[in-house]
There are 4 protein chains.
Amino acid sequence: MSRVKKSSSRLGRPPATDSADTRRTILDVARAAFADRGFEVTTNREIATEAGITPAALYHYFPSKLDLFVAVHHDTQERVLARFNQAINDVSGFVPRFEAILDESHRMNNEDPSLARFLGSVRVDVARHPEFEMAVQVDQAAMDTFFRSIVDHGVETGDVDRSRRALVLSFVATTLTGLTTGQSASDRQHALAVEAIKAAVRGDLVARLPQV
Amino acid sequence: MSRVKKSSSRLGRPPATDSADTRRTILDVARAAFADRGFEVTTNREIATEAGITPAALYHYFPSKLDLFVAVHHDTQERVLARFNQAINDVSGFVPRFEAILDESHRMNNEDPSLARFLGSVRVDVARHPEFEMAVQVDQAAMDTFFRSIVDHGVETGDVDRSRRALVLSFVATTLTGLTTGQSASDRQHALAVEAIKAAVRGDLVARLPQV
Amino acid sequence: MSRVKKSSSRLGRPPATDSADTRRTILDVARAAFADRGFEVTTNREIATEAGITPAALYHYFPSKLDLFVAVHHDTQERVLARFNQAINDVSGFVPRFEAILDESHRMNNEDPSLARFLGSVRVDVARHPEFEMAVQVDQAAMDTFFRSIVDHGVETGDVDRSRRALVLSFVATTLTGLTTGQSASDRQHALAVEAIKAAVRGDLVARLPQV
Amino acid sequence: MSRVKKSSSRLGRPPATDSADTRRTILDVARAAFADRGFEVTTNREIATEAGITPAALYHYFPSKLDLFVAVHHDTQERVLARFNQAINDVSGFVPRFEAILDESHRMNNEDPSLARFLGSVRVDVARHPEFEMAVQVDQAAMDTFFRSIVDHGVETGDVDRSRRALVLSFVATTLTGLTTGQSASDRQHALAVEAIKAAVRGDLVARLPQV
DNA sequence: TATGAATGAGCCTTCATTCAT
DNA sequence: GATGAATGAAGGCTCATTCAT
């Protein structure tokens, strides 16, 4: 919101601008826009205006709208993964690590909701644009690998049964997707969902039924 | 499967029926298209062609593309809700009912994947088009109410602690969203996710940690 | 110039228009524009405006600007070839036939200068746009074949030496290109060039030098 | 052949010379580009890149793309005219001089095809850009004057009939245009066309018909 | 002299929608 | 009901050109 540079609106190179700054701004602005409105609905003009430049200037930094999207994806995935990695750094065991990830998710959702929101909506955009598939799959594989490593770590520490690796991984993917996609609107809602997932993992979400 | 409207030569049939058939076809075709490619990317021409008519003819059935989308939403929500209601009909207790819903979800995802896929992607489309919000909120409220009733039923039957109503409801919303949005690509994947959710609800997803 | 239909500028289908007429008008208008300004410089908007429609309506008749160009090429080539064929119909011998073609060229250049001008400039446009090559080569092969047949006919009637077939064909191509490309601006200039070519073919353009 | 400006490290050389080198390089590179793709299709960036500089640097040498084009035209016309003048230097009579010009054309087409190709395509570009007309007409007048002088020389030496001056001049213009525009693709083709024109001028292209 | 960052104008094309038939 | 012809608005992108450095 406070990103808008004073719109110079004058020809030629603007005084005292840093190329890297502009690129960073574009990436941030674009992430928010893509997260809110998706790839199709977001126009170059919107992104450019919010970044304080003209649509044509976008092409100075990214060869096409699609490339910009891919760059945003890569940047976001990278940042989130770094946060996750750092979050589990001095934590051991599957459950503690998963909870650390959930907590970090919640923190990130507070600091910059566009990170999670983007990752939540990217799935849809990618599904809708077959051209994206290849471009983002490297990044997504990295995220997959990360989650898999958490589960495998759980197997080692004993809280995940070796035979249930796939099941647990599926649970992680499903809940994280659900959290990111559906519950990131308000802080309260997000916090509640995080608690719910934790409770479920701990096994005390609902009363244990007497196993007949 | 055959999407093209059958040629209307069944003698004696009132013409109104053909009209209703065409409307039905449009709705089905549009649901699949919106589910696959989203509101923006799907064009009237695509829908019309697949329904065997011209884009202009669409306007005899729906006043605008937006109205068509809303109609599809209503229709889909209604059908899914009917299936859910029927699924829990002779089942008692929160966990059994939730499991029944998950199973029904899985069945539906097999029979006509476009139902779930549409509901999965509608969230994004609605978020991206503020105009939709009002139109779909009635339908979404109905779904909310349904889930709330399941949880309340759980409180009555005793397997949901009264103080955890909100928590459990959040879990239902989160996992169902995650299931629909992220795990509906293949039957196998969907089945696994359903099992994972069930295990989590039963409390035996991971090894119970010794409660100190 | 007098092609402009009353600009309806009203939405929906305009009353009493014939699709075939509009297509014909577009083709004619486009030929003139392409001939004058070339493919790149001519804009869809110019063509549309001169044809009394909007740029978007162009796409009702031709899938792209390139396709329109190819259609104009085909149409023009066909019409010119028809005139040439008719011109040599009851004439025998290479020289008489070549002269008939030159005369017909001159007549056409008077009636509708855009035919020749287009054919003159198309060579350049095709050279500049590799994508055109394939699309127009069928038409150009037909023209080639026609000229070749004239020369071969000359061999049969005896006024072209069999060993000079290639040479004569080259002369026909060179002069006709030169005529169309460089001398079609004014009627007088064109007529003079036609006379010059005829004189050269007759062998009395310049005084015969005493062959030492 | 090597288009890239040599690195300017020859000590003691006045910097002005490097500047002149760069200008020369731009002119050469631009001629080839304009010849191949025409004024519109050729971009400043292409020219600059091939000349080893940036688009902005172009503006240190030429005030605009249009001016660059005009400069290329002037330069090319000048060089070709110089070659032509030299070619007819010690030749007398219209036919021998015309043949000398044709031979020189052929030689030039071999050495640097871009000279002829540029001159062949310039006609079209000028016709397409009314702004060029005035700028190039001085150069073209010089070329015209040259050809006129050849013909007048022919009148003096007696091989051109005084009454046929205009006719012969038209022939020269037409064939030279045809040669440059249409037959300069391959050496073989060009050579054949040159021979054909020579034969026509000599009067023995086709069998002389019995003049009744 | 040269570069990199930026602009403004304009182009081709797509699309929802309208209207006469 | 349905179609085909047309529109207006908008979008992504390219390009010559400008200006601070």
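All values below come from the heavy atoms of this structure, side chains included, with hydrogens, waters and symmetry mates left out. Chain letters run A, B, ... following the sequence lines, proteins first, then strands; residues in each count from 1.
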Qualifying residues under salt bridge (charged side-chain N to carboxylate O under 4.0 Å, His left out), relative to D:D36, sequence neighbours excluded = D:R117
note = Hits for salt bridge (charged side-chain N to carboxylate O under 4.0 Å, His left out) against B:R45, two or more places apart or cross-chain, chain-then-number order -> none
What side-chain donor-acceptor pairs closer than 3.5 Å can you find for residues 127-135 of chain A, not counting sequence neighbours?
residue: A:R128; atom: NH1; partner: B:D125; partner atom: OD1; Å: 3.1
residue: A:R128; atom: NH2; partner: B:D125; partner atom: OD2; Å: 2.8
residue: A:H129; atom: NE2; partner: A:E40; partner atom: OE2; Å: 3.0

message = By nearest heavy atom, map D:T43 and A:N44 onto DNA chain F; which one lands nearer the 5' end?
response = A:N44
Partners passing side chain to side chain donor-acceptor pair (under 3.5 Å) against [X] (at least two apart in sequence or in another chain):
X: D:R24; result: D:D28, D:D75
X: C:Y61; result: none
X: A:T42; result: none
X: A:S64; result: A:D67

request  = Check whether any side-chain nitrogen or oxygen of A:T22 sits under 4.0 Å from OP1 or OP2 of E:dA6, and answer yes or no.
outcome  = yes
key: Short side-chain N/O contact to F:dA5 OP1/OP2 from C:S19, under 4.0 Å   = yes
Between [atom2] on [N] and [atom1] on [X], what's the gap in Å once rounded to a whole number?
X: C:R45; N: E:dT13; atom1: CZ; atom2: C1'; value: 12 Å
X: D:R23; N: E:dA2; atom1: CZ; atom2: C1'; value: 17 Å
X: A:I53; N: E:dG8; atom1: CD1; atom2: C1'; value: 14 Å
X: D:I47; N: F:dC15; atom1: CD1; atom2: P; value: 12 Å

message = Expected output is a numbered-order residue list: members of residues 33-42 of chain C with a heavy atom under 4.0 Å from any atom of DNA chain E. What is it?
response = C:T42
inquiry  = Short of 4.0 Å, heavy atom to strand atom, which residues of residues 58-69 of chain C count as contacting DNA chain E?
reply    = C:Y59, C:S64, C:K65
task = Between A:P55 and C:P55, name the one whose nearest nucleotide on DNA chain E is closer to the 5' end.
result = A:P55
remark   = C:A56 has its side chain closest, among F:dC15, F:dA2, E:dT14, to E:dT14
inquiry  = The side chain of A:A57 is closest to which nucleotide in this list: E:dT13, E:dA2, E:dT7?
reply    = E:dT7
ask   = About how many Å separate CG of D:L68 and CZ of D:R23, when rounded to the nearest 0.5 Å?
value = 9.0 Å
ask   = Listed by chain and number, what are the ring pair (Phe, Tyr, Trp, His ring centres under 6.0 Å) partners of C:F118, not counting sequence neighbours?
value = C:F69
key: Residue list, side-chain contact (heavy atoms from CB on, under 4.5 Å) with A:T54, at least two apart or on another chain   = A:A56, A:A57
Heavy-atom pair with the smallest gap, counting every atom of A:A48 and A:P55 = CB-N, 3.5 Å
key: Pairing stems for DNA chain E [at least three consecutive pairs; Watson-Crick or G-U; under 3.5 angstrom]   = E:2-21 with F:2-21
